[in-house]
Amino acid sequence: DAKTTQPTSMDCAEGRAANLPCNHSTISGNEYVYWYRQIHSQGPQYIIHGLKNNETNEMASLIITEDRKSSTLILPHATLRDTAVYYCIVRDSNYQLIWGAGTKLIIKP
Amino acid sequence: GAGVSQSPSNKVTEKGKDVELRCDPISGHTALYWYRQSLGQGLEFLIYFQGNSAPDKSGLPSDRFSAERTGGSVSTLTIQRTQQEDSAVYLCASSSGGGGYETQYFGPGTRLLVL
């Protein structure tokens with residue numbers, strides 16, 4: 001079973017920051033938090049991952065709380081093309097990615 | 001560089017027929033993964049290859065499903081005697097190393113419809 005809990009859906013206005021929360025209260029010390037997204041009818045796209053520290057790349061920022069029990073993915077300036085299902089995944093050294101249902105993010109003009 | 005590619009992109013078949021799905025991983029990636037995604041669901045792990053070996057086949061839903069990988073590159077997922085419940089999107093991913101924390105990169109998927 002997935003070790004994460006995410007809201008089923010969220011809306012965000014175009015140009016604003018989209019903040020997607022994820023709860024992972026049972027995360028272990030060696031487990032990473034990964035984020036992928038899946039745009040309609042496409043394969044999942046890797047976004048970002050982190051262990052303890054906050055991370056930033058060209059797509060997004062990942063904020064992990066100090067106790068590591070939750071995290072937030074931030075898309076700083078959302079566009080209509082960011083409409084997708086966003087998956088938060090907790091992963092250890094096991095090769096399997098265990099997927100939940102994700103958050104359906106809708107960017108509105 | 002080129003990403004993971006899969007073929008065909010769509011496949012419609014009749015119940016009872018066999019199908020073959022192909023995956024070309026990113027060049028140089030030693031690990032390859034197959035997942036299945038039913039409509040509106042998250043991904044379900046099927047099988048993992050490290051090189052040409054499959055250390056874990058536990059996710060294959062039945063003995064009608066098999067997969068092979070040759071030359072440490074291309075992989076084929078075969079479904080024999082297809083059933084309607086096999087209808088799904090079949091996704092392939094690859095990573096530069098096996099297991100560990102290597103990021104998996106996905107292909108566009110093959111949409112299989114069994115009539």
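Numbers restart at 1 for each chain; the letters A, B, ... are given by sequence-line order, proteins then strands.
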Side chain to side chain contact (heavy atoms under 4.5 Å, CB included) assessment of Leu43(B) paired with Tyr36(A): CA-CA 12 Å; Leu43(B) 279 68; Tyr36(A) 283 79; over 6 Å; no

Given side chain to side chain contact (heavy atoms under 4.5 Å, CB included), test Trp99(A) with Tyr35(B) step by step and report yes or no. CA-CA 10 Å; Trp99(A) 302 69; Tyr35(B) 292 84; 3.7 Å; yes

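Your options are Gln6(B), Gln37(B), Gln41(B), and the one with the most heavy-atom pairs under 4.5 Å with chain A is Gln37(B). With chain B as the partner, the residue from Gly43(A), Pro44(A), Gly102(A) showing the most heavy-atom pairs under 4.5 Å is Pro44(A).
Cluster membership for Leu62(A) and Leu105(A), using ILVMFWY side-chain heavy atoms within less than 4.5 angstrom, is shared. Under the 4.5 Å side-chain heavy-atom criterion for ILVMFWY residues, a single connected hydrophobic cluster contains both Ile27(A) and Ile64(A). Hydrophobic clustering, with ILVMFWY side chains joined whenever heavy atoms are under 4.5 angstrom apart, keeps Tyr34(A) apart from Ile98(A). Placement of Ile47(A) and Val33(A) within a single hydrophobic cluster is found when ILVMFWY residues are connected by side-chain heavy-atom separations under 4.5 Å, directly or transitively. Connection of Tyr32(A) to Tyr33(B) is established within a shared hydrophobic cluster, with ILVMFWY side chains joined at heavy-atom distances below 4.5 Å, either directly or through further cluster members.
Proximity to chain B (any heavy atom under 4.5 Å) is shown, for Leu97(A), by both the backbone and the side chain. Heavy-atom distances place no part of Gln45(A) under 4.5 Å from chain B, backbone and side chain included. Within the 4.5 angstrom heavy-atom criterion, only side-chain atoms of Leu91(B), from C-beta onward, approach chain A.
Between Gln42(A) and Arg111(B), the shortest heavy-atom distance links the atoms N-NH2, 3.6 Å.
The number of heavy atoms from other shown groups lying within 6.0 Å of CZ (Arg64(B)) is above 12.
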